Amino acid sequence: MASSLIFRASRRFLKPSSSSSVSLHLATFNPLSSAQQFGAQNRNPTLNPPFNPPQLQNYNFEFRKTVGSLSNFHLVAHVSTRPSKENRNQSGNVSSGGGGDATWVDLYLPKKVQPYARLARLDKPIGTWLLLWPCIWSITMAATPGHLPDFKMMTLFACGALLLRGAGCTINDLLDRDIDTMVERTKLRPVASGLLTPFQGLCFLGFQLLLGLGILLQLNNYSRVLGASSLLLVFSYPLMKRFTFWPQAYLGLTFNWGALLGWAAVKGSLDPSIVLPLYASGVFWTLVYDTIYAHQDKEDDLKVGVKSTALRFGDSTKEWITGFGIACLGGLALSGFNAEIGWPYYASLAVASGHLGWQIWTVDLSSRADCNRKFVSNKWFGAIIFGGILAGRLSS
């Protein structure tokens, strides 16, 4: 009778959970195994004398309570340590790209703020880095030979890059909300998924642009006009994929505007022999990394009917981006030569060319994960070029 009660209790309270990520190791104390040993002894009078019924009933009652408590703990541990993928999706705790990995946005920001942070892609800082590096290159090139670049100016541009990139993503998501729902990588973005309404997105866009204006007003008048003129590119870029197979080139014109603006913010004017090759090199660099990025969505883009260089180049992609990479490095070399930067800069170009060549040679254009890895690695390309400009300027 004791073993039957215990068996029913164990079946009721200790059902296995295949989805649980927490295992309770009860090597020291396992009430189930202890109860089974007790039952065996009770069935064999030679091992142990029989218990009287009241004691046995009390034992069963206490055992049921103990097992129930452990079962409840097991359930709570499962729910609190790793929510299921469905629960993560329903609560919106997913990245804008549709992945299920928790980011700092999910861990540290209030629930009401999280959709806005994802709308600005704060959980994916690579876009901010790619926007910031041309600004930093230009500011450092404009520094006085033998001196460090203006740290205050670099800080202002870092804040501006964060805000402008967020504003650009907000505009993109508002204009593409119907397309995003049909693309696997973008269907869970805040506006497309319904976490935010278009009106909320517009209000957030206005807030970001207002903060950006505050940063722009810290610059000289020439830079204010030049910076404001970039908004035309920012607002029109999301529409380009509907009309041309070259939206990546248009993104290059937009993302590398800082190559012009950084020099102007320091010098108060432009030196075309330096800033134009630098700007062109950034555009070619963007064509490399964003074409690789576009290969993630080529199947969905075909279904939706939008265009990209990934679809334009097809199987010839590596040949095309090799040419763009060579043009990028050539523009950087020409810009540095005209700026009279010291020899460490050219050593960094050699290292950067190896990094760019590694990307192009090894990328698996049929693998979304590998395309994303190579795309993200471009933050290091930008860092290598910056290190070379800084060392070359200090040595010149």
Side-chain angles (χ1 to χ4, degrees), residues 17-23 73-132 158-209 211-212 238 293 296-297 300 367-380:
S17 177
S18 59
S19 62
S20 175
S21 60
V22 178
S23 298
F73 172 77
H74 182 80
L75 178 62
V76 170
H78 164 57
V79 171
S80 63
T81 55
R82 185 186 245 175
S84 67
K85 185 175 181 180
E86 291 76 14
N87 288 340
R88 287 198 303 268
N89 290 344
Q90 290 173 1
S91 64
N93 290 337
V94 293
S95 64
S96 60
D101 296 333
T103 66
W104 71 272
V105 168
D106 307 307
L107 296 175
Y108 301 114
L109 294 185
K111 291 286 185 183
K112 292 184 178 180
V113 177
Q114 289 178 14
Y116 294 98
R118 292 193 199 94
L119 184 58
R121 308 290 196 274
L122 296 185
D123 56 333
K124 295 186 175 182
I126 179 59
T128 302
W129 280 114
L130 296 176
L131 181 62
L132 178 61
C159 296
L162 183 68
L163 290 169
L164 188 61
R165 190 268 179 130
C169 291
T170 302
I171 296 168
N172 183 81
D173 286 11
L174 288 171
L175 294 176
D176 287 354
R177 60 185 183 275
D178 295 330
I179 294 176
D180 285 345
T181 59
M182 297 182 282
V183 177
E184 182 65 26
R185 186 178 56 83
T186 61
K187 64 183 181 181
L188 292 176
R189 286 177 174 173
V191 177
S193 64
L195 283 174
L196 294 177
T197 65
F199 178 73
Q200 289 173 315
L202 281 172
C203 292
F204 183 56
L205 174 61
F207 174 71
Q208 292 174 97
L209 292 177
L211 293 179
Y293 185 81
Q296 296 180 95
D297 300 329
D300 291 323
S367 169
R368 294 187 178 189
D370 193 52
C371 286
N372 188 67
R373 279 193 295 269
K374 297 303 191 296
F375 167 74
V376 171
S377 75
N378 280 277
K379 63 186 177 183
W380 300 116

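A quick note: this is a predicted structure, and the numbers were derived from the prediction, not measured.
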Residue pair L131 / A161: nearest heavy atoms and the distance that separates them:
CD2-O, 3.4 Å

Closest non-hydrogen atoms of G201 and L119, given as atom of the first, atom of the second and distance, are CA-CD2, 4.2 Å

Considering only heavy atoms from C-beta outward, does the side chain of L162 approach that of L122 to under 4.5 Å?
yes

Between K124 and V105, is there a side-chain heavy-atom distance shorter than 4.5 Å?
no

Nearest non-hydrogen partners of K374 and D370, listed with the distance:
NZ-OD1, 2.7 Å

If I take atom CH2 from residue W104 and atom CG from residue L107, how far apart are they, to the nearest 0.5 angstrom?
10.5 Å

Distance-only, no hydrogens or angles: does the R165 side chain make a donor-acceptor pair with backbone N or O of R121 under 3.5 Å?
yes

Nearest 0.5 Å, please: how far is CD in Q296 from OG1 in T186?
11.0 Å

Applying the side chain to side chain donor-acceptor pair (under 3.5 Å) criterion to R185, which one of N372, D297, D300, D180 satisfies it?
D297

For residues R177 and P198, report the shortest heavy-atom separation together with the two atoms involved.
NE-CG, 3.8 Å

What distance do L132 atom CG and C159 atom SG have between them, rounded to the nearest 0.5 Å?
10.0 Å

Exercise: identify the closest heavy-atom pair between A192 and T181
O-CG2, 3.5 Å

Scanning both residues in full, the closest heavy-atom pair of D173 with R189 reads OD1-NH1, 3.6 Å

Distance, nearest 0.5 Å, that separates CZ of F207 from CG of L163
8.0 Å

Quick one: ring-ring contact (aromatic ring centres under 6.0 Å, His included) partners of F375, sequence neighbours excluded?
Y289, Y293

Rounded distance (nearest 0.5 Å) linking atom CG of L195 with atom OH of Y116
10.5 Å

